[in-house]
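Worksheet: the structure to be examined is printed underneath.
Lettering of chains follows the sequences in order, A, B, ..., and the numbering in each one begins at 1.
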Number of protein chains: 2
Amino acid sequence: MIPVQVREQNPSMSKRASRLDDAARAGWLYYVAGNTQDQIAAKLGVSRQSAQRLVSLARSEGLVRVQIDHPIANCLELSSALRDRLGLKYVDVTPTDPGSDSTITGVAEAASAEIERWLRREEAVIIAMGTGRTLKAAVELLPRMECPQHRIVSLTGNIAPDGSAAYYNVVFTMSDSVNVRSFPMPLPVIATSSGEREMLHAQAMIRPTLELAARADVTFVGIGDLTEDAPLFVDGFITRGELAALRSAGAVGEIVGWSYDAAGLFIGDITNERVASAPIPSRRTSLVIAAAKGERKFPGIAGAIRGGLVNGLITDEATAGHLLRTL
Amino acid sequence: MIPVQVREQNPSMSKRASRLDDAARAGWLYYVAGNTQDQIAAKLGVSRQSAQRLVSLARSEGLVRVQIDHPIANCLELSSALRDRLGLKYVDVTPTDPGSDSTITGVAEAASAEIERWLRREEAVIIAMGTGRTLKAAVELLPRMECPQHRIVSLTGNIAPDGSAAYYNVVFTMSDSVNVRSFPMPLPVIATSSGEREMLHAQAMIRPTLELAARADVTFVGIGDLTEDAPLFVDGFITRGELAALRSAGAVGEIVGWSYDAAGLFIGDITNERVASAPIPSRRTSLVIAAAKGERKFPGIAGAIRGGLVNGLITDEATAGHLLRTL
DNA sequence: TATGCTCTTGGGCATTTACTCGAATCTTCG
DNA sequence: CGAAGATTCGAGTAAATGCCCAAGAGCATA
């Protein structure tokens, strides 16, 4: 037996990093080499419980990446049906986890994988990012990577109504793990008036970012529902009254703040005039991929597709089946 | 709770495929969605034991791909030291699993990942493949993928001494999962005489393959030891007497059949004259990556590096440490 | 149709893993 | 230097997983 490797504490190495290091090692021994946690404990010279904690930490920190390498037949059928029937350019359908009510599991992983594929490209591309919980989760799943050749541009402002950083703006999250040139939008998400919106957009620092967004090669957006718990309302971007007004005007969903009805037409005169986001990049020149699933979002997803607001979709089996039945 | 999805048996779907399908689904629910096997059993409508079998099948069939997304510090240090001190162009060091005597765990995964990276390239490349247990395992870990733009060429013949297909020739294994143009070598691995070797290589069908090999962009080879249990001998390519003669002539390792000594110089006059393999592609024009680890192979790996037979290396921590101490 | 063979199924049980809780240790700040 | 607070540790235990075995189903052949 090879002697246990002594892992000296390099003083320059922060404790946290060294712990993650051990976690990575434990995770490797567990998931790749197939050791039991007892064996890992012996090899790393810690207690079994500590080994368990390291393995668990490796998972929760996202050090362990698992993907299933098999075209699950039903998902494939659904995605090609969606592609053909609805004229979408890109569709990915992940298995549904029946009984789990998570609105992101699966879709986040698939979106992350697709973002990663774009980032891995050697030729420079412009990637525009929307906002929302799903995208946030997807971006957090990205591995550490170097891709200085690309540019990431945010479609939405990053200032919440209370002046803090908008939590679900994903460009900064992305910078945590991916080294890429990023172009956030130092704006509020929703301006106080359409006049203010115009003024903000006219700023010298904002113009180039807006122009960059318009030239995006690929765009990832989430779709927000406009039910009672609409994220726009929950996060404080619109008032309860505005939500009610939008709903009675027929709004069924929103993309980067823009609300639209079941036909995918934008709702006038309530909040859309004040949304400070960049326009959704042209579906003729950009692949605009929506990542969304779940019953609450059915109308929003369907509307976005009907109106041609997006030309790509990442969703789950159940949602895909619903879309095929209703569209 | 969403009702359990009924998975009807499409008659056109083979039983085996449908089973793998379920395995993939179970694997997804387990590893990605984080279900317990009990929950999976309920959701798929099978017993818990069956669910366990499906999950286990998903792993053993290689449907589940796990990778650790963390630069383990020690491995990184070792690999950059190897790169700098030994002038190698590509080095990857994986964690050692102390106590496990597997000669491939870790290295196979890393080699597989690097092969995959080359296959994912959009521009067409020529990949030359050597032979051996490590490479075989690496190729078996490759996911299903489509890359008709590339060409894979075997450096070694695919006919064993008894006339059967040489088991550790990897080009056919690769075709199982990767759709790529492949160029095997319909030759014995070792000819009966140097004259026969010349005759075989002069064949019209062989020449283009040899020329293709010489133009490889990247080459993956294993390194065989020449201990008592040398793979060349165990697999019946050379006799016990020849092995003994090679050893007394100072041979410490072999690459695609060519034996060399501790300085990396080929051994003359014993078996090398009859090896029907293509030459190792030029290290000036091709990245020649050896995938090997383990105490038995220490001399062979060191010799190959000393002699410049390879300019890339995939190995483990323990071997990397040894190389740094002895070279 | 009967027979023998193989493959699959589910129960039981040993092993392995996850979680809880009190004790110990380390940090931080006065 | 010392105490409060936070974190980590290990023991114990509940839960989950992996494996073996006998029984049953499916299948080919006589």
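If you check distances only, the side chain of B:Arg53 never reaches the base of D:dG18 with a donor-acceptor pair under 3.5 Å. Taking 3.5 Å as the limit, the base of C:dG11 and the side chain of B:Arg48 contain no donor-acceptor pair of atoms between them.
The nearest whole Å value for the distance from the CG atom in A:Asp22 to the C1' atom in D:dT8 is 14 Å. Rounded to whole Å, atom C1' of D:dT17 lies 14 Å from atom CD of B:Gln39. Atom-to-atom, CG of A:Leu44 to C1' of D:dG10 comes out at 17 Å; the value is rounded to the nearest Å. The OH-P distance, from A:Tyr31 to D:dT17, rounds to 11 Å in whole Å. Note: CG (A:Asp38) to P (D:dT17) measures 17 Å, nearest angstrom. The CD atom of B:Gln37 sits 15 Å away from the P atom of C:dT9 (whole-angstrom rounding). Rounded to a whole Å, the CD1 atom of B:Ile40 is 11 Å from the C1' atom of D:dT17. Here C:dA18 presents its P atom at 12 Å from CG of A:Leu54, a figure rounded to the nearest Å.
Using a 4.0 Å heavy-atom criterion, one finds that A:Ser50 contacts the sugar-phosphate atoms exclusively.
For the residue pair B:Thr173 and B:Lys136, a side-chain donor N or O sits within less than 3.5 Å of a side-chain acceptor on the partner.
Among all heavy-atom pairs drawn from B:Ala291 and B:Thr134, the shortest one is O-CG2, 3.8 Å.
In terms of phosphate contacts, A:Ser47 brings no side-chain nitrogen or oxygen within less than 4.0 Å of OP1 or OP2 of D:dC9. Applying the 4.0 Å criterion to OP1 and OP2 of C:dT17, one finds that A:Tyr30 has a side-chain N or O inside that range. Using a 4.0 Å cut-off, no side-chain N or O of B:Gln49 falls inside it from OP1 or OP2 of D:dC20. Taking 4.0 angstrom as the limit, B:Gln52 places a side-chain polar atom (N or O) nearer than this to OP1 or OP2 of D:dG18.
At a threshold of 4.5 Å between non-hydrogen side-chain atoms, the residues B:Asp92 and B:Val107 do not count as touching. Looking at heavy atoms from C-beta onward, A:Trp28 lies in side-chain contact with B:Ile68 at the 4.5 angstrom threshold. Taking 4.5 Å as the limit, every side-chain heavy atom of B:Thr94 sits out of range of all side-chain heavy atoms of B:Glu109.
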